[in-house]
Undergrad: 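One structure coming up, written as structure tokens, with questions to follow.
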Amino acid sequence: MPRYWLMKSEPFKYSWDDLVAEGEGTWDGVRNHRAKNNLAAMEVGEEAFFYHSREGLEIVGIAEISVSGITDPTDPENKWAAVKVKAKRKLKNPVTLKQIKAEPRLADCELIRLGRLSVAELTPEEWKVILELAGE
DNA sequence: GCCAACGTTGGC
DNA sequence: GCCAACGTTGGC
């Protein structure tokens, strides 16, 4: 069973357009244990929403895990996890944090419950609801 | 720019 | 091993 993810990035540091331009990006620099566990659990081919935090505050597209189970190249001690992702496609309409908060079916998702978690897991149901909000 | 939430650090 | 202080994240 594939799992579904949501990855946050501050667009002035690394935006969806940056990922599109690069083709493939390494998701590193995560220094939170729960986020790390999520990164370590990712498998090649699984999909993740790409969310812009601090600015934008919306899900803009879907990325696909292209390389999983690597150690963070920015961590000299090699204890943190990382993955590589490829831009898959843009959402038809971006889904804002406001829309997510207004949707009762998403009240329990990690993104809302653990606001500061930079890599969150979504259930298949939550994934579908967000696609619905995107007009898909 | 502020502040709440949360993780980490360090003194005891 | 507890907990206060501090730093960081991220929404507002």
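Note on naming: letters A, B, ... go to the chains in the order of the sequence lines (proteins, then strands), and numbering restarts at 1 for each one. Since we're looking at a predicted model, the values are computed, not measured.
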Undergrad: B:dC3 P sits how many Å from A:Arg54 CZ, rounded?
TA: 15 Å

Undergrad: Which heavy atom in A:Ile130 sits nearest to a heavy atom in A:Val95, and how many Å separate them?
TA: O-CG2, 3.6 Å

Undergrad: Rounded to whole Å, how long is the line connecting atom NE2 of A:His33 with atom C1' of B:dG7?
TA: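 Spelled out: NE2 on A:His33 to C1' on B:dG7 is 9 Å.
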
Undergrad: Nearest whole Å is fine: how far is C:dG10 P from A:Asn32 CG?
TA: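 Computing the A:Asn32:CG to C:dG10:P distance gives 9 Å.
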
Undergrad: Mind checking what makes side chain to side chain contact (heavy atoms under 4.5 Å, CB included) contact with A:Ala87, not counting sequence neighbours?
TA: A:Trp16, A:Leu19, A:Val20

Undergrad: C:dG11 phosphate, OP1 or OP2: any side-chain N/O from A:Tyr51 under 4.0 angstrom?
TA: yes

Undergrad: Do the side chain of A:Arg116 and the base of C:dT8 come within less than 3.5 angstrom through a donor-acceptor pair of N or O atoms?
TA: yes

Undergrad: Give A:Leu57 one of three labels, base, sugar-phosphate or nothing, depending on what nucleic acid heavy atoms sit under 4.0 Å from its own.
TA: sugar-phosphate

Undergrad: Please determine if A:Arg31 and A:Asp72 form a salt bridge, counting it only when a charged side-chain N lies under 4.0 Å from a carboxylate O.
TA: yes

Undergrad: Do any pairs count as a salt bridge (Lys or Arg N to Asp or Glu O under 4.0 Å) and have a residue in residues 109-123 of chain A, sequence neighbours left out, and if so which ones?
TA: A:Arg3-A:Glu121, A:Arg34-A:Glu110

Undergrad: For the pair made of CD1 in A:Ile59 and P in C:dG11, what is the distance, rounded to whole Å?
TA: 11 Å

Undergrad: NZ of A:Lys13 versus P of C:dT9: gap in Å, rounded?
TA: 6 Å

Undergrad: Please check the phosphate of C:dC12 (OP1 and OP2 only) for any side-chain N or O of A:Lys101 closer than 4.0 Å.
TA: yes

Undergrad: Calculate the interatomic distance between A:His52 atom NE2 and C:dC12 atom P; express it in whole Å.
TA: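 The answer, rounded to whole Å, is 17 Å.
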
Undergrad: Rounded to the nearest angstrom, tell me the gap between atom CZ in A:Arg113 and atom P in B:dC6.
TA: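 A:Arg113 atom CZ is separated from B:dC6 atom P by 11 Å.
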
Undergrad: Rounded to the nearest Å, what distance is computed from the CG atom of residue A:Leu114 to the P atom of nucleotide C:dG11?
TA: 13 Å

